[in-house]
Structures are given as C-alpha cells and as structure tokens.
Amino acid sequence: MENRMNSPSSKHETAAIETADRLREAGMRVLAGGIESILRDCGRLTVSGSYYLDLMAWPDLDLYVEHRHEPEFRVAFLQIGPRIASVADVVSLRFKDHVRYPEPLLPCGLYWGVRIRQKPDLNWKLDIWALPADAIDIRQTELDRIKARLTPDLRRIIVEAKQALLLPDGRTPIQSGYHIYRAVIDHGLRSVPEITEYVRLQGASL
C-alpha cells in the first residue's frame with residue numbers, strides 16, 4: 001500500500017496548510033505594523049474571518065470596530081484611512097457610509113476598504129467595518145461555533161477547498177468561505193468537488 005504521506009494528495013494538502021500558515025504569520029505582521037493600534041484607538045477591535053479561524057487562503061483581513069453613535073466616533077473612524085496610509089504601503093483607500101446609505105446584503109455600518117502591499121509580494125485586502133456591538137457578537141458567536149469543531153484534518157480539507165476555488169485575481173469568490181465552512185462542519189462534505197457544488201448551490205459565483 002502506498003504511504004499516504006508521499007501521495008500527491010497528501011503533498012497538496014501539506015502545501016495548502018503551509019500557505020495558510022505563512023499567510024497568518026504575514027497577517028500578524030500587518031496588524032503589528034501599526035494598523036492594530038490605529039483601530040484600537042478608535043474603539044473595541046475584533047479580528048475576524050479566516051485569520052481568526054486560522055483558515056487563510058489569500059491575503060485578506062476582516063476587522064470590526066465597535067460603532068458608537070457619537071459625532072466624535074465618526075470623525076475618528078474617518079481618520080483611520082489616512083492614519084493607515086502613514087504606517088503601510090497603501091495601494092488604495094475607499095470609504096463608504098452604509099448607515100446613511102445602506103445597500104442590500106451589506107451590514108449597516110461604516111466601512112473602509114483598504115489595499116496595502118506587503119513586501120516581497122503580498123497584496124492585502126482589509127475590510128474594516130464599524131458595527132454595533134451586538135452585530136459583531138453575532139458574527140463572532142458563529143465563528144466560535146465553527147472554530148470549536150475544527151480538527152487538524154478538517155482544517156486541511158477547508159484550506160484545500162478554499163485554495164482550489166481561488167479566482168484568477170487571487171481571491172476566493174465573495175462569501176464562499178462561510179459556505180465552505182458549513183459544507184465541511186455542518187454537512188460532512190469532504191471532497192473538493194462536493195464542497196464546490198455545495199458552494200455553487202448557495203449562490204456563490206464560481
């Protein structure tokens with residue numbers, strides 16, 4: 001019988017985990033380079049998404065700041081973009097007010113979309129949301145449920161599936177990550193084709 005550790009599938013899984021580990025370490029450096037401090041100055045910070053779950057497939061950070069309905073908070077949040085530009089190699093900054101101008105399927109909050117370059121060759125996407133505390137807690141409670149059920153084997157399956165679905169621009173399809181987690185954790189799917197089909201049925205554009 002072939003040793004599984006030397007099989008092509010096993011090598012691919014190992015490469016996927018190595019990539020996820022490198023991305024998380026690089027993400028730690030992004031936050032420690034001044035961005036985490038800037039966000040904490042604005043309010044309670046929650047680092048979320050694939051970084052929190054240790055399931056990274058591409059350079060992407062989801063960051064939540066607790067929204068306070070005070071004029072001073074809005075001013076402080078608007079200053080986040082220029083302050084980040086002072087500590088990171090910013091490619092682009094985009095602010096949107098989804099409180100005054102809500103959009104379907106998006107949270108009711110303030111948003112900074114930030115793209116930064118990290119040497120030697122990582123281009124990071126940062127989604128920074130100011131949301132009410134209860135909205136953040138709901139999101140984190142669901143991630144905590146997923147995190148509590150992760151095992152090393154399930155982590156490998158999820159990371160492999162996410163990397164298999166990377167688009168030509170290097171990112172996963174919008175909202176596909178959560179559907180992958182549900183496919184593996186809640187529905188017991190284990191193969192990439194099965195997981196991909198489940199994600200497709202949830203409406204993700206693959």
Query raised in the report: Nearest heavy-atom pair of Leu166 and Gly170: which atoms, and what distance?
Result: CD2-O, 3.5 Å
**Report entry** Any donor-acceptor N/O pair, Lys125 side chain to Pro59 backbone, under 3.5 Å
**Finding:** no
Query raised in the report: Just checking, is any N or O donor in the side chain of Tyr181 or Lys147 under 3.5 Å from an acceptor N or O on the other one?
Result: no
Query raised in the report: For Thr151, which residues count as a side-chain contact (heavy atoms from CB on, under 4.5 Å) partner, sequence neighbours excluded?
Result: Asp153, Leu154
Query raised in the report: Please, which pairs that meet ring-ring contact (aromatic ring centres under 6.0 Å, His included) have at least one residue in residues 17-67, sequence neighbours excluded?
Result: His67-His69, His67-Phe73
Requested in this report: May I ask whether Leu53 and Val47 are part of the same hydrophobic cluster, defined by side-chain heavy atoms of I, L, V, M, F, W, Y residues being less than 4.5 angstrom apart, directly or through others?
Outcome: no
Requested in this report: Give a yes or no on whether a salt bridge exists between Glu142 and Arg145, defined as a side-chain N under 4.0 angstrom from a carboxylate O.
Outcome: yes
Query raised in the report: With hydrophobic residues grouped by side-chain heavy-atom distances under 4.5 Å, do Val91 and Val114 end up in a single group?
Result: no
Report task. Please check if any side-chain donor atom of Thr46 sits under 3.5 Å from a side-chain acceptor atom of Gln140, or the reverse. Result -> no
Requested in this report: Indicate if Ile138 and Tyr178 have the same hydrophobic cluster label, given that clusters are the connected sets of ILVMFWY residues with side-chain heavy-atom separations under 4.5 angstrom.
Outcome: no
Query raised in the report: Is any side-chain heavy atom of Thr172 closer than 4.5 Å to a side-chain heavy atom of Leu167?
Result: no
Report summary line: When rounded to the nearest 0.5 Å, the distance separating CZ of Arg94 from CD1 of Ile128 is 12.0 Å
Query - By side-chain hydrogen bond (donor to acceptor under 3.5 Å, both in side chains) - contacts of Glu194 (at least two apart) - result: Ser191
Query raised in the report: Tell me the side-chain hydrogen bond (donor to acceptor under 3.5 Å, both in side chains) pairs involving residues 197-206, sequence neighbours left out?
Result: His187-Tyr198
Report task. Would you name the heavy atoms of Gly27 and Leu61 that are closest together and state the gap between them? Result -> O-CD1, 4.4 Å
**Report entry** Shared hydrophobic cluster for Leu110 and Leu106 (ILVMFWY, side-chain gaps under 4.5 Å)
**Finding:** no
Query raised in the report: Who are the salt bridge (Lys or Arg N to Asp or Glu O under 4.0 Å) partners of Arg24, not counting sequence neighbours?
Result: Asp54
Query raised in the report: Do the side chain of Thr19 and the main chain of Ala15 share a donor and acceptor less than 3.5 angstrom apart?
Result: yes
**Report entry** Under the salt bridge (Lys or Arg N to Asp or Glu O under 4.0 Å) test, residues paired with Arg149 that sit two or more places apart
**Finding:** Asp186
Pairs under 3.5 angstrom only: tabulate donor-acceptor contacts from the side chains of residues 33-43 to other protein residues two or more places apart or in another chain.
unit_1: Glu36; atom_1: OE2; unit_2: Arg40; atom_2: NE; d: 3.2
unit_1: Glu36; atom_1: OE2; unit_2: Arg40; atom_2: NH2; d: 2.9
unit_1: Asp41; atom_1: OD2; unit_2: Arg83; atom_2: NH2; d: 3.0

Query raised in the report: Ion pair present between Asp137 and Arg139, side-chain N to carboxylate O less than 4.0 angstrom?
Result: no
Query - Inter- and intrachain pairs under ring-ring contact (aromatic ring centres under 6.0 Å, His included), touching residues 150-177, at least two apart - result: none
Report task. Report the C-alpha distance between Asp60 and Lys162 in whole Å, list the side-chain angles of each, state the deciding distance to 0.1 Å, and finish with yes or no for salt bridge (charged side-chain N to carboxylate O under 4.0 Å, His left out). Result -> CA-CA 13 Å; Asp60 171 52; Lys162 291 178 75 172; over 6 Å; no
Query - Evaluation steps, side-chain contact (heavy atoms from CB on, under 4.5 Å), between Ile157 and Ile195 - result: CA-CA 10 Å; Ile157 291 167; Ile195 296 167; 3.8 Å; yes
Query - Sequence neighbours excluded, every pair satisfying ring-ring contact (aromatic ring centres under 6.0 Å, His included) that has a member inside residues 113-159 - result: His98-Trp129, Tyr111-Trp129
Query raised in the report: Just by modelled atom types, is the Ala16 backbone N or O under 3.5 Å from a matching donor or acceptor in the Gln163 side chain?
Result: yes
Query - Pair Ile158-Leu55, side-chain contact (heavy atoms from CB on, under 4.5 Å): steps then yes or no - result: CA-CA 7 Å; Ile158 289 172; Leu55 295 172; 4.0 Å; yes
Query raised in the report: From Ile17 CD1 over to Met56 CE, what is the distance, rounded to the nearest 0.5 angstrom?
Result: 13.0 Å
Query raised in the report: Measuring from Leu122:CG to Leu23:CG, what's the distance to the nearest 0.5 Å?
Result: 6.5 Å
Query raised in the report: What residue among Gln118, Arg171, Arg117, Arg115 forms side chain to side chain donor-acceptor pair (under 3.5 Å) with Asn123?
Result: Arg117
Query raised in the report: What's the shortest heavy-atom distance between Val192 and Ala161, and which atoms?
Result: CG2-CA, 4.2 Å
Report summary line: Sequence neighbours excluded, the answer for salt bridge (Lys or Arg N to Asp or Glu O under 4.0 Å) partners of Arg74 is Asp97
**Report entry** ring-ring contact (aromatic ring centres under 6.0 Å, His included) partners of residues 137-160, not counting sequence neighbours, each pair once
**Finding:** none
Report summary line: Correct closest heavy-atom pair for Phe77 and Ala130 would be CE1-CB, 3.6 Å
Query raised in the report: Under the salt bridge (Lys or Arg N to Asp or Glu O under 4.0 Å) test, which residues partner Asp62, sequence neighbours left out?
Result: none
Report task. Would you give the length of the straight line joining atom CD1 of Ile136 to atom OG1 of Thr141, rounded to the nearest 0.5 angstrom? Result -> 11.5 Å
Report task. Identify the heavy atoms of Leu143 and Gly49 that sit nearest to each other, and give their distance. Result -> CD1-N, 3.5 Å
Query raised in the report: According to a 4.5 Å side-chain heavy-atom criterion applied to Ile, Leu, Val, Met, Phe, Trp and Tyr, with indirect links allowed, do Leu45 and Met28 form part of one hydrophobic cluster?
Result: yes
Report task. Before giving the answer on side-chain contact (heavy atoms from CB on, under 4.5 Å), spell out for Ile180 and Leu165 the whole-Å C-alpha distance, their side-chain angles and the decisive distance to 0.1 Å. Result -> CA-CA 10 Å; Ile180 292 172; Leu165 291 183; 3.8 Å; yes
Query raised in the report: Just wondering, more than 12 heavy atoms not from Ile174 lying within 6.0 Å of its CD1?
Result: no
Query - Side-chain touch Phe95/Ile80, heavy atoms, less than 4.5 angstrom - result: no
Query raised in the report: Taking atom CG of Leu126 and atom CG of Leu93, what is their separation to the nearest 0.5 Å?
Result: 10.0 Å
Requested in this report: Nearest 0.5 Å please: distance from the CD1 atom of Ile84 over to the CD atom of Gln79.
Outcome: 12.0 Å
Report task. Under the side-chain contact (heavy atoms from CB on, under 4.5 Å) rule, what do Ile185 and Leu150 come out as? Steps first, then yes or no, please. Result -> CA-CA 8 Å; Ile185 298 294; Leu150 282 175; 4.0 Å; yes
